[in-house]
Amino acid sequence: MSANQTKYPQLRFKGFTDSWEQRKLSNLAERVTRKNKNNESGRPLTISAQDGLIDQNDFFDKQIASRDVSGYFLVKNGEFAYNKSYSNGYPWGAIKRLDKYDMGVLSTLYIIFRPTNVSSQFLVSYYDTTRWYKEVAKNAAEGARNHGLLNIAPTDFFSTVLIIPNSIEEQQKIGSFFRQLDHLITLHQRKLAKLKELKQGYLQKLFPENGSKFPQLRFAGFADAWEQRKLRGILAERNDQITETNEYPLMSFVQGKGVTPKGKRYNRSFLVKDVDKKYKKTELGDFIYSSNNLETGSIGFNRTGKAVISPVYSIFKSKREQESQFIGIMSARKDFIFKMIRFRQGVVYGQWRIHESDFLNIDIRIPSYEEQQSIICFFEKLNKAITLHQRKLEKLQELKKGYLQKMFC
């Protein structure tokens, strides 16, 4: 874009009509290169796409071994850091502001800066857009990628061009708008996290632990010991292989979601359709697992209904109504997954296999049919609450994405 071109965002606050301007980052901010010489801070920071600059110990959920960080950059509250490493959703790294702590330290591979002639909150929102990626890519050196690191010198980074409102008031209004939206998103994230934590707590307390015949917590009216049974007495393998039909459409089995229609990006019209190819048939209430991804949630029951899925999955029907659903709830427990993993065998190309006969030979403890129904009903309500909050969060995130597109040039 030449210097005399005008630029207007699609959506603006009332009262602002002036064209936005091109400004180099070097005219809006100054580089920070202070070293942590006196060990003012031993807090090693990292960049999280969701939470910004945070303590590495919080991010990795384990303590980082103590080391000499006196040669690191000392970053203070309100200053920005650019991570040149690729991360999911950030093909040219991420730029985030330190908000959570007074100070911290970062490797000298990062580029640190503080705003001087631009609203700091506006910059937070600006760097949530994808517009600056092209500028960084344009200024990067030839052969920019080296093991996921972008080869861009600080001088080139500060030559990147931003398109911003000339009015500081408009900058502040935009920054304030997205700050409130981010606050709302954070509240929903916390509510969702609390519900998921609550579910994990009930998964522990409503099922027997450590060989016990009795759970720690029970619904009123139930006092009998849980009976030990093999899964083969509860489930039977379903191995019907058929071609895709209108009644049985081809679907995916998605981690944490179960049987799900193919995503929007999946367009079979671009593929050569093999009308004779066979898939495994599944019905509402079937229990399904993938031997490869048990630990990450490729296990559960079919809430969707009639479908065909890849033959790599193991599918089981319930011998008695809803018992497969009870096993689906139980399968979210770590001890259940551990019992399965003991039977996992390696096959070709690094794939794993748990034979259906081995799975059906697993011993579990199970309550009366009536108590099963109470537990199923309870978790159904809890899962619905989690799904509702998840959808609200996703809508807010999509809303933010839309505003980021329309409110910046």
**Student:** Only pairs at least two apart or in different chains count here, so list each side chain to side chain donor-acceptor pair (under 3.5 Å) that has a residue in residues 158-168.
**Tutor:** none
**Student:** With sequence neighbours left out, write down each residue that passes side chain to side chain donor-acceptor pair (under 3.5 Å) with R344, or none if nothing qualifies.
**Tutor:** E295
**Student:** Could you pull out all donor-acceptor pairs under 3.5 Å where a side-chain atom in residues 395-408 meets a protein atom, sequence neighbours excluded?
**Tutor:**
residue : atom : partner : partner atom : Å
K400    : NZ   : D128    : OD2          : 2.9
K400    : NZ   : D182    : OD1          : 2.7

**Student:** Judged by atom type as modelled, is there a donor-acceptor pair below 3.5 Å linking the side chain of N36 to the main-chain atoms of S41?
**Tutor:** yes
**Student:** Looking at S324 and G285, would you say the former's side chain and the latter's main chain have a donor-acceptor pair under 3.5 Å?
**Tutor:** yes
**Student:** Considering non-hydrogen atoms only, spot the tightest contact between V259 and A307 and give its length.
**Tutor:** CG1-CB, 4.0 Å
**Student:** Taking only residues two or more places apart in sequence, or in another chain, which ones meet V32 in a side chain to side chain contact (heavy atoms under 4.5 Å, CB included)?
**Tutor:** R34, E79, I112, R114
**Student:** Below 4.0 angstrom, N of the basic side chain to O of the carboxylate: do E244 and K278 qualify?
**Tutor:** no
**Student:** When you look at Y126 and Q121, which way does the side chain to side chain donor-acceptor pair (under 3.5 Å) test go after all the steps?
**Tutor:** CA-CA 9 Å; Y126 180 86; Q121 195 61 45; over 6 Å; no
**Student:** CG/L25 to CD1/I164 distance, rounded to the nearest 0.5 angstrom?
**Tutor:** 10.0 Å
**Student:** Quick one: are F343 and I362 in side-chain contact, heavy atoms under 4.5 Å?
**Tutor:** yes
**Student:** Take T304 and L284 through the test side-chain contact (heavy atoms from CB on, under 4.5 Å) and record every step on the way to the result.
**Tutor:** CA-CA 6 Å; T304 305; L284 182 69; 6.0 Å; no
**Student:** Tell me the salt bridge (Lys or Arg N to Asp or Glu O under 4.0 Å) pairs involving residues 210-228, sequence neighbours left out?
**Tutor:** R218-E371
**Student:** Applying side chain to side chain contact (heavy atoms under 4.5 Å, CB included), name anything that partners F316, two or more places apart in sequence or on another chain.
**Tutor:** L235, E237, F287, Y289, S314, E356, F359, L360
**Student:** In sequence, state the C-alpha distance, the side-chain angles, and the governing distance for I364 and I234, and then conclude on side-chain contact (heavy atoms from CB on, under 4.5 Å).
**Tutor:** CA-CA 10 Å; I364 61 165; I234 302 167; 3.7 Å; yes
**Student:** If I compare all heavy atoms of F113 with all of A29, which pair ends up nearest, and what's the gap?
**Tutor:** CD1-CB, 3.7 Å
**Student:** Could you tell me which residues satisfy side chain to side chain contact (heavy atoms under 4.5 Å, CB included) with R31, sequence neighbours excluded, listed by chain and number?
**Tutor:** T33, F73, P154, F158
**Student:** Please tell me whether R303 and Q325 have a donor and an acceptor in their side chains that are separated by less than 3.5 angstrom.
**Tutor:** no
**Student:** Surrounding CG of N77 (heavy atoms of other residues, nucleotides or ligands, distance under 6.0 Å), is the total greater than 12?
**Tutor:** yes
**Student:** Working to the nearest 0.5 Å, report the span between NZ of K100 and CG of L53.
**Tutor:** 11.0 Å
**Student:** Against the six-membered ring of Y369, is R320 placed for a cation-pi contact (under 6.0 Å from the centre, within 45° of the normal)?
**Tutor:** yes
**Student:** Report the distance from atom OG of S290 to atom CD1 of I354, rounding to the nearest 0.5 Å.
**Tutor:** 9.0 Å
**Student:** What orientation do W226 and F207 show, parallel under 30°, tilted 30 to 60°, or perpendicular over 60°?
**Tutor:** perpendicular
**Student:** Can you list every salt bridge (Lys or Arg N to Asp or Glu O under 4.0 Å) pair that touches residues 309-319, not counting sequence neighbours?
**Tutor:** none
**Student:** Report yes if the side chains of P115 and L28 come closer than 4.5 Å at any heavy-atom pair, otherwise no.
**Tutor:** no
**Student:** Under 3.5 Å, is there a donor-acceptor pair between the side chain of R12 and the main chain of D18?
**Tutor:** yes
**Student:** Roughly how far, to the nearest 0.5 Å, is the CD1 atom of I163 from the SG atom of C409?
**Tutor:** 6.0 Å
**Student:** Give a yes or no on whether a salt bridge exists between K281 and E247, defined as a side-chain N under 4.0 angstrom from a carboxylate O.
**Tutor:** no
**Student:** Would a 4.5 Å heavy-atom cut-off, applied to side chains only, mark L162 and L123 as touching?
**Tutor:** yes
**Student:** Kindly compute the distance separating CD1 (I242) from OH (Y248), expressed to the nearest 0.5 Å.
**Tutor:** 6.0 Å
**Student:** Could you tell me whether the side chain of I299 reaches within less than 4.5 Å of the side chain of I288, counting heavy atoms only?
**Tutor:** no
**Student:** Just do the side-chain contact (heavy atoms from CB on, under 4.5 Å) check on K76 and D102 with the steps written out, would you?
**Tutor:** CA-CA 6 Å; K76 294 188 177 180; D102 289 334; over 6 Å; no
**Student:** Give a yes or no answer on whether the side chain of S252 reaches the backbone of V254 with a donor-acceptor pair at less than 3.5 Å.
**Tutor:** no
**Student:** Would you say L382 and L195 make side-chain contact, with heavy atoms under 4.5 Å?
**Tutor:** yes
**Student:** With heavy-atom distances below 4.5 Å as the criterion, would you say the side chains of Y82 and Y127 are in contact?
**Tutor:** no
**Student:** Looking at every non-hydrogen atom in both residues, tell me the closest pair between N361 and K230 and how far apart they are.
**Tutor:** O-NZ, 3.3 Å
**Student:** Quick one: closest heavy-atom pair of K96 and I47, and the distance?
**Tutor:** CG-CG2, 3.7 Å
**Student:** Roughly how far, to the nearest 0.5 Å, is the NZ atom of K7 from the CD atom of Q22?
**Tutor:** 9.0 Å
**Student:** Taking side chain to side chain contact (heavy atoms under 4.5 Å, CB included) as the definition, give me every residue that meets it alongside T387, ordered by chain and number, with sequence neighbours left out.
**Tutor:** R391
**Student:** Stepwise, does the side-chain contact (heavy atoms from CB on, under 4.5 Å) test hold for I386 with L192?
**Tutor:** CA-CA 6 Å; I386 289 172; L192 183 61; 3.9 Å; yes
**Student:** If every non-hydrogen atom of S291 is compared with every non-hydrogen atom of W352, which pair is closest and at what distance?
**Tutor:** CB-O, 3.5 Å
**Student:** Pairs of donor and acceptor atoms involving the side chains of residues 327-342, under 3.5 Å and at least two apart or interchain, shall be tabulated with distances.
**Tutor:**
residue : atom : partner : partner atom : Å
S331    : OG   : G328    : O            : 2.6
R333    : NE   : D335    : OD1          : 3.2
R333    : NH1  : L203    : O            : 2.4
R333    : NH1  : E209    : OE2          : 3.3
R333    : NH2  : E209    : OE2          : 3.2
R333    : NH2  : D335    : OD2          : 2.8
K339    : NZ   : D363    : O            : 2.8

**Student:** Can you pull the side chain to side chain donor-acceptor pair (under 3.5 Å) pairs that have at least one residue in residues 188-202, sequence neighbours excluded?
**Tutor:** K199-N383
**Student:** Taking side chain to side chain donor-acceptor pair (under 3.5 Å) as the test, write out the residues that go with T282, two or more places apart.
**Tutor:** D286, N302
**Student:** If you take all heavy atoms of Y72 and S107, which pair is closest and at what distance?
**Tutor:** CD2-N, 3.5 Å
**Student:** Applying salt bridge (charged side-chain N to carboxylate O under 4.0 Å, His left out), run through E170 and K173 and close with a yes or a no.
**Tutor:** CA-CA 5 Å; E170 186 173 8; K173 278 186 174 291; over 6 Å; no
**Student:** Find out whether P367 and F222 are in side-chain contact, i.e. whether some heavy atom of one side chain is under 4.5 Å from a heavy atom of the other.
**Tutor:** no
**Student:** In the structure I gave you, are the side-chain heavy atoms of S120 and F80 within less than 4.5 Å of one another anywhere?
**Tutor:** yes
